[in-house]
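Encoded as structure tokens, the structure appears first; notes follow it.
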Amino acid sequence: RIIFASNYLAPRGPEFDLFEINSDGTHLERITTAAGFDGFPVFSPDGKHLSFSSNRRDVVDGKYRVTGTPAGEHDTNVFLADWQADIGPVTYQPETAAADRYRTDIDYLADDAREGRGIGTKGLEDAEHYVGQQFQAAGLDVGHQDFEVTTDITRGAGTKLAIDGKPVADADFTPTRFSATGTFAGAIADAGWGLEADFKAKHLKGKIARVHRFVPKEIENPSEQAHLGDLRYKGFLAKQAGAIGLIVVDDGDPKQEEAPLPSVAPSGEIGTQGDAGIPVIVVKRAAAPAKARSVKLAVELETVRTKTSNVIGVIHAGGAKLPGIVVIGAHVDHLGMGGGSNALDPKVHAVHNGADDNASGVAVLLEVARTLGAKKAELRRDVYFVAFSGEEEGDLGSSDFVKQYKGDAIVAMLNMDMVGRMRGNQLHVNGGESAKEWRELVQPACDAARVECTIGGWGYGPSDHMAF
């Protein structure tokens, strides 16, 4: 607990009182209520007494009632009080009610009893039920969107590849775990290293792009190498450029030893298992001549599936309606008992509570739902609140939502993921360059909240906004 003096109840005047608050911003309690100034609180070393300055006037006939000494009109005195830590039920100030609810939500979602909110656990089911109850209490229409999560992937026997009419041996190529499935055919278009500039320089609509694996040697920064060389990222750029498929070959530097083909099995890496929207395959050098002209491809992936669900709450706008809806989301699942490359220590088998990732985001989602639920008459667009499942397995819940959604156009999506780590009053708003309206909307809100915001980026990243 922190004790401090403030005049926030009457910010234009000298009426200061003492307040106490938890270090996480919850449970604001007013300590003094007398008229005038109360400030400069100091505890005794043993915590049993509180001294503070005050110009409160306990005066009878011009003298202080306690001491009998003359009372000056503008005196400020030091008072010493016994400090009682436990005085029974306390009425907290309304200004921290949101912080109190936020902490309560996180405490429930990140409790050991939720079993780390892993796919298939009762803990995740309980968390989803809790979210639904909170949505309902906020006045939202609540529903569940059931889907299945892939917990294992194997290559199907129907996966086949032919380049320029010549069949490629199964051992010489592999689909990626996030490849679209089905039958595809088209002309090949070379797109260099598969960087953004490479795709912009080519006409790829309706074609199958061919790119080098990894990145050129001129890119030396490890984080840039990981990002720009990511196969899913290359697939994302190819799809954005209009390609109907992507072939990846490790032949950018023929002098280097060729890397093994990647595994199709789930790796547990965030954002690497959802369907990329186009087929993405990796082919060995010997089977993919640089001058090849056409491809016929069939991708079949066999999966083990586990049921889970998204929790959806809808506020129907009560104001003059504008076209389209707004989606606000946060993923409710986490890592369960750990393991896999998402865990900080994959060898630890214990509850991974996920307070930041992403109980914090769900708690914000619930608080926004409560706030807007009380203002539905003012809203001009319907707002969908979605607690996604399957994010840790590759943004699967958000992908399923987008596929199943059949309503009005989605004009904006706001995603809350790991928002419980703000430091130094600085907030990072990613995806700010994905639409021109964001900066115009976000910056004034940051200014009004007196928060230093960094707004930027065009939206690529391992979380549920990717599906939108």
Side-chain angles (χ1 to χ4, degrees), residues 98 102 195-197 199-200 219 221 223-228 230 232-241 270-272 274 276-277 315 322-331 356-369 371-372 375 379-388 391 394-395 397-399 401-402 405 408-468:
Y102 179 79
L195 304 178
E196 186 175 1
F199 286 115
K200 286 184 177 180
I219 298 176
N221 183 286
S223 61
E224 288 188 9
Q225 290 175 346
H227 172 57
L228 299 176
D230 178 63
R232 185 180 176 91
Y233 180 64
K234 291 177 186 280
F236 173 81
L237 292 177
K239 184 174 184 296
Q240 291 292 100
I270 297 174
T272 61
I315 298 176
L322 292 172
I325 70 160
V326 173
V327 176
I328 305 176
H331 75 89
D356 185 23
D357 185 14
N358 185 40
S360 67
V362 176
V364 172
L365 181 74
L366 295 178
E367 194 56 33
V368 175
T371 301
L372 294 186
K375 299 180 179 180
L379 299 180
R380 301 188 65 187
R381 285 191 171 98
D382 293 348
V383 183
Y384 281 60
F385 293 84
V386 189
F388 298 111
E391 190 269 356
D395 310 332
S398 50
S399 296
F401 176 85
V402 170
Y405 177 75
D408 294 340
I410 299 172
V411 299
M413 192 275 177
L414 294 89
N415 182 38
M416 268 85 72
D417 194 353
M418 298 173 69
V419 300
R421 55 173 57 191
M422 188 168 77
R423 300 289 186 272
N425 201 44
Q426 295 181 342
L427 180 67
H428 298 279
V429 184
N430 297 319
E433 304 299 334
S434 63
K436 62 181 179 63
E437 294 87 352
W438 283 129
R439 192 173 295 274
E440 300 169 2
L441 293 169
V442 174
Q443 190 61 60
C446 293
D447 294 342
R450 294 181 294 179
V451 174
E452 297 178 15
C453 290
T454 301
I455 308 167
W458 54 284
Y460 182 85
S463 191
D464 289 305
H465 60 278
M466 282 293 293
F468 294 83

Quiz item: Which heavy-atom pair separates Tyr102 from Gly420 by the least distance, and what is that distance?
Solution: OH-CA, 3.9 Å

Quiz prompt | Atom of Ile328, atom of Leu365 and distance for their closest heavy-atom approach | solution = O-CD1, 3.3 Å

Quiz prompt | Donor-acceptor contact present, side-chain Asp408 to main-chain Arg381, <3.5 Å | solution = no

Quiz item: How long is the gap from OG on Ser463 to CD on Glu391, to the nearest 0.5 Å?
Solution: 4.5 Å

Quiz item: Rounded to the nearest 0.5 Å, what separation is found between the NZ atom of Lys375 and the CD1 atom of Ile315?
Solution: 11.0 Å

Quiz item: Where is the tightest heavy-atom contact between Phe388 and Met413, given as atom of each residue plus distance?
Solution: CE1-CE, 3.9 Å

Quiz item: Is a donor on one side and an acceptor on the other found under 3.5 Å between the side chain of Gln426 and the backbone of Thr454?
Solution: no

Quiz item: To the nearest 0.5 Å, what is the distance between CD (Glu452) and NE2 (His428)?
Solution: 10.0 Å

Self-check item: Atom pair CD1 (Ile455) and SG (Cys446), whose distance is rounded to the nearest 0.5 Å
Solution: 5.0 Å

Quiz item: Considering all heavy atoms of both residues, which atom of Gly432 and which atom of Trp438 are nearest to each other, and what is their separation?
Solution: O-CB, 3.6 Å

Quiz item: Where do Leu195 and Ile219 land on the side-chain contact (heavy atoms from CB on, under 4.5 Å) test, with the steps shown first?
Solution: CA-CA 11 Å; Leu195 304 178; Ile219 298 176; 4.3 Å; yes

Quiz item: For the residue pair Arg232 and Tyr460, what are the closest heavy atoms and their distance?
Solution: C-OH, 4.0 Å

Quiz item: If you round to the nearest 0.5 Å, how far is OH of Tyr405 from OH of Tyr384?
Solution: 4.5 Å

Self-check item: Residue pairs involving residues 410-441 (criterion disulfide (SG to SG under 2.5 Å); sequence neighbours excluded)
Solution: none

Self-check item: CA sep, side-chain torsions, deciding dist, call: Lys436, Glu440, salt bridge (Lys or Arg N to Asp or Glu O under 4.0 Å)
Solution: CA-CA 7 Å; Lys436 62 181 179 63; Glu440 300 169 2; 5.4 Å; no

Exercise. Could you tell me which residues satisfy side chain to side chain donor-acceptor pair (under 3.5 Å) with Glu433, sequence neighbours excluded, listed by chain and number?
Key: Arg439

Quiz item: Hey, which of Leu414, Asn415, Ile410 is the one that makes side-chain contact (heavy atoms from CB on, under 4.5 Å) with Phe468?
Solution: Ile410

Quiz item: Considering residues at least two apart in sequence or located in another chain, which fulfil the side chain to side chain donor-acceptor pair (under 3.5 Å) criterion with Asp382?
Solution: Lys321

Self-check item: Donor + acceptor pair across side chains of His331, Asp357 (<3.5 Å)
Solution: yes

Quiz item: Looking only at heavy atoms, what is the nearest atom pair of Asn358 and Met416, with distance?
Solution: ND2-O, 3.0 Å

